[in-house]
Amino acid sequence: MLVATWNVNSIRSRIDHVKEWLITNKIDILCLQETKTEDKFFPIEIFSDLGYEVSISGQKSYNGVAIISRFPINDIKIGFNEVTNDYQDLSILSEQKRIISADINDIRIINVYVPNGSSINSDKFIYKKKWLKCLQVYLREINKNNTPICLLGDFNIAPEDRDIHTPSRYEESIMASSKERELLKDALGGELEDVFRIFEPGEKNWSWWDYRHSAWERDKGWRIDHIYLTEDILSCANSCWIDKEQRSREKPSDHAPVVVDINWPPSDIENEFFF
DNA sequence: ATGGCTGACGCTGTCAGA
């Protein structure tokens with residue numbers, strides 16, 4: 001089973017790329033961020049015509065997340081407030097459409113678009129910190145159910161220096177600061193593993209290249225799009241990769257998709273022994 | 001790179017992203 005995450009920077013601008021990529025790569029579950037459209041304008045029928053179910057949480061111009069799945073999507077939860085109700089800034093944190101989760105094939109799929117934060121001394125960074133703390137509460141709540149979790153999306157954080165092209169230039173700046181790295185780590189709580197790093201420990205593995213400064217041509221990127229798995233699915237993961245080719249296309253998103261291949265449901269393996 | 005691309009909105013400029 002192939003599960004993917006992709007910040008598409010507007011689904012309506014990227015629809016041809018997304019559709020083609022989905023078909024060519026036989027993706028089973030695709031989580032999108034920055035769809036940048038109200039739900040009424042989301043091109044649902046393009047995906048349903050291909051046999052996918054679609055769950056969306058969008059807003060005008062900014063943010064927006066979506067789950068596109070070949071398998072039935074159950075128990076959809078939009079925003080933080082449908083999962084947790086004991087966090088103080090819940091109403092402010094729910095205004096921006098940045099999180100959607102659902103049960104698919106007995107996995108809790110959690111699709112997030114973490115705020116960028118703008119700069120360390122801005123109000124937006126305060127918002128980012130609050131958002132990450134609320135994510136921690138949210139994940140604790142979902143973890144109580146003991147279902148396998150796949151948390152994926154655009155985290156707007158490079159977890160380590162090897163996830164930045166020139167780390168020395170970005171010490172304690174946005175997306176690289178120790179504070180946001182710590183908050184992300186706290187949210188993951190030791191339960192969720194960055195599956196890409198299980199298979200690929202090396203440097204120069206980026207998922208985002210700035211549109212400016214010829215960042216793509218100079219391969220100056222960051223790895224800020226991640227897939228985190230709980231141990232029960234992690235042990236079924238075969239591989240994880242970043243599809244850089246999508247960043248090289250005409251009119252690309254500034255992010256490339258990240259894909260994980262999982263042997264799921266795990267009973268398939270047992271069946272191979274029997275038959 | 002002191003915000004130098006891109007997209008949305010809606011109007012020929014402004015905001016936001018990362």
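So you know, we letter chains A, B, ... as the sequences are listed, proteins then strands, and number each from 1. Just so you know, these numbers use all the heavy atoms, side chains as well, and skip hydrogens, waters and symmetry mates.
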(request) Find which nucleotide of DNA chain B each of A:Tyr62 and A:Arg14 is nearest to by heavy atoms, and output the residue with the more 5' nucleotide. (result)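 Residue closer to the 5' terminus by nearest nucleotide: A:Arg14.
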(request) Could you check A:Tyr113 against A:Ile11 and say which one's nearest nucleotide on DNA chain B is further toward the 5' end? (result) A:Ile11
Provide, to the nearest angstrom, the distance between the [atom1] atom belonging to [X] and the [atom2] atom belonging to [N].
| X | N | atom1 | atom2 | result |
| --- | --- | --- | --- | --- |
| A:His255 | B:dC5 | NE2 | P | 17 Å |
| A:Phe41 | B:dG10 | CZ | P | 11 Å |
| A:Glu38 | B:dA8 | CD | C1' | 11 Å |
| A:Asn9 | B:dT6 | CG | P | 10 Å |
| A:Gln59 | B:dA16 | CD | C1' | 12 Å |
| A:Tyr211 | B:dG7 | OH | C1' | 8 Å |
| A:Asp254 | B:dG7 | CG | P | 9 Å |
| A:His213 | B:dG17 | NE2 | P | 16 Å |

(message) Of the options B:dC9, B:dG17, B:dA8, whose atoms approach the side-chain atoms of A:Ser10 most closely?
(response) B:dA8
(message) Side chain of A:Ser13, heavy atoms from C-beta onward: which of B:dA8, B:dT6, B:dC9 has the nearest atom to it?
(response)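 For the A:Ser13 side chain, the nearest candidate turns out to be B:dA8.
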(message) Could you check whether A:Lys144 pairs with A:Glu141 (Lys NZ or Arg NE/NH1/NH2 to Asp/Glu carboxylate O, under 4.0 Å)?
(response)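 Yes.
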(request) May I ask you to say whether A:Arg249 pairs ionically with A:Asp16, meaning some side-chain N is under 4.0 Å from a carboxylate O? (result) no
(message) So if I take residues 158-188 of chain A and measure heavy-atom distances to DNA chain B, which residues fall below 4.0 Å?
(response)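 Per residue number, the list reads A:Met175.
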(request) Please work out which residues in residues 116-128 of chain A have a non-hydrogen atom less than 4.0 Å from an atom of DNA chain B and list them by number. (result) A:Asn116, A:Ser118, A:Lys124
(request) Over 60° means perpendicular and under 30° means parallel, so classify the ring planes of A:Phe80 and A:Tyr138, tilted if in between. (result) perpendicular
(request) Determine the interplanar angle of the A:His226 and A:Phe155 rings, folded into 0 to 90°, and report it as parallel if under 30°, tilted if 30 to 60°, perpendicular if over 60°. (result) parallel
(request) Return no unless some side-chain N or O of A:Arg247 is found under 4.0 Å from OP1 or OP2 of B:dT6. (result)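 No, outside the criterion.
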(request) Determine: side-chain N/O of A:Lys251 to OP1/OP2 of B:dG7, distance under 4.0 Å, yes or no. (result) yes
(message) Does either side chain, that of A:Tyr211 or that of A:Asn9, offer a donor lying less than 3.5 Å from an acceptor on the other one?
(response)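 A donor-acceptor contact under 3.5 Å links the two side chains.
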(request) Pick the P atom in B:dT12 and in B:dG17, then give their distance to the nearest Å. (result)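 Nearest-Å result for B:dT12 against B:dG17 at atom P: 23 Å.
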(message) Distance check, P atoms only: B:dA16 and B:dG10, in whole angstrom units.
(response) 14 Å
Test of understanding: clusters of I, L, V, M, F, W, Y form through side-chain heavy atoms closer than 4.5 Å, transitively. Do [X] and [Y] belong to the same one?
| X | Y | value |
| --- | --- | --- |
| A:Trp264 | A:Leu152 | yes |
| A:Ile100 | A:Ile227 | yes |
| A:Val112 | A:Leu184 | yes |

(request) Check every strand shown and say whether A:Trp222 touches a base, only sugar-phosphate, or nothing at a heavy-atom separation below 4.0 Å. (result)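 If one applies the 4.0 Å heavy-atom cut-off, A:Trp222 turns out to touch nothing in the nucleic acid.
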(request) Classify the nucleic acid contact of A:Asp225 as base, sugar-phosphate or nothing, counting any heavy atom under 4.0 Å across all strands shown. (result)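 Here A:Asp225 touches no strand at all.
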(message) Would the distance check show the side chain of A:Ser122 and the main-chain N or O of A:Gly117 forming a donor-acceptor pair, the cut-off being under 3.5 Å?
(response)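 The answer is yes, because a donor-acceptor pair under 3.5 Å joins these two groups.
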(request) Decide if atom CD of A:Glu245 counts as having more than 12 heavy atoms of other residues, nucleotides or ligands within a radius under 6.0 Å. (result)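 Not more than 12 within 6.0 Å, no.
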